[in-house]
S.K.: 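Pasting in a structure now, in structure tokens, and then I'll have a few things to ask.
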Amino acid sequence: MANNSGDFRNPKISDTGTKSSGGIGKWIGIAIAGLVVLLLLLWLLGAFGSDDADVDMTDPDAVTAPTN
């Protein structure tokens with residue numbers, strides 16, 4: 001048997017601590033970060049620019065006034 005009876009079947013207990021995987025807060029943070037990145041990409045690609053149609057002002061027949 002074991003020479004030292006104090007070490008016989010001494011279970012090794014590991015400390016799990018209070019580590020948390022984050023739960024729902026982690027996913028909310030990921031969703032907000034993803035939304036910010038998406039909006040930044042849209043802004044950089046010009047999705048929020050005021051891209052109005054160009055009107056050729058040299059042709060007087062291109063724009064007509066409404067008649068009543």
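Given the structure is predicted, the values throughout are model-derived calculations rather than measurements. Scope of the values below: all heavy atoms of this structure, side chains included, with no hydrogens, waters or symmetry mates.
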S.K.: When Ile, Leu, Val, Met, Phe, Trp and Tyr are grouped by side-chain heavy atoms lying under 4.5 Å apart, directly or through other members, which residues fall in the same group as W27?
M.R.: I30
S.K.: Can you hop from I28 to L35 via hydrophobic side chains spaced under 4.5 Å?
M.R.: no
S.K.: If I take atom CG from residue L42 and atom CG from residue L38, how far apart are they, to the nearest 0.5 angstrom?
M.R.: 4.5 Å
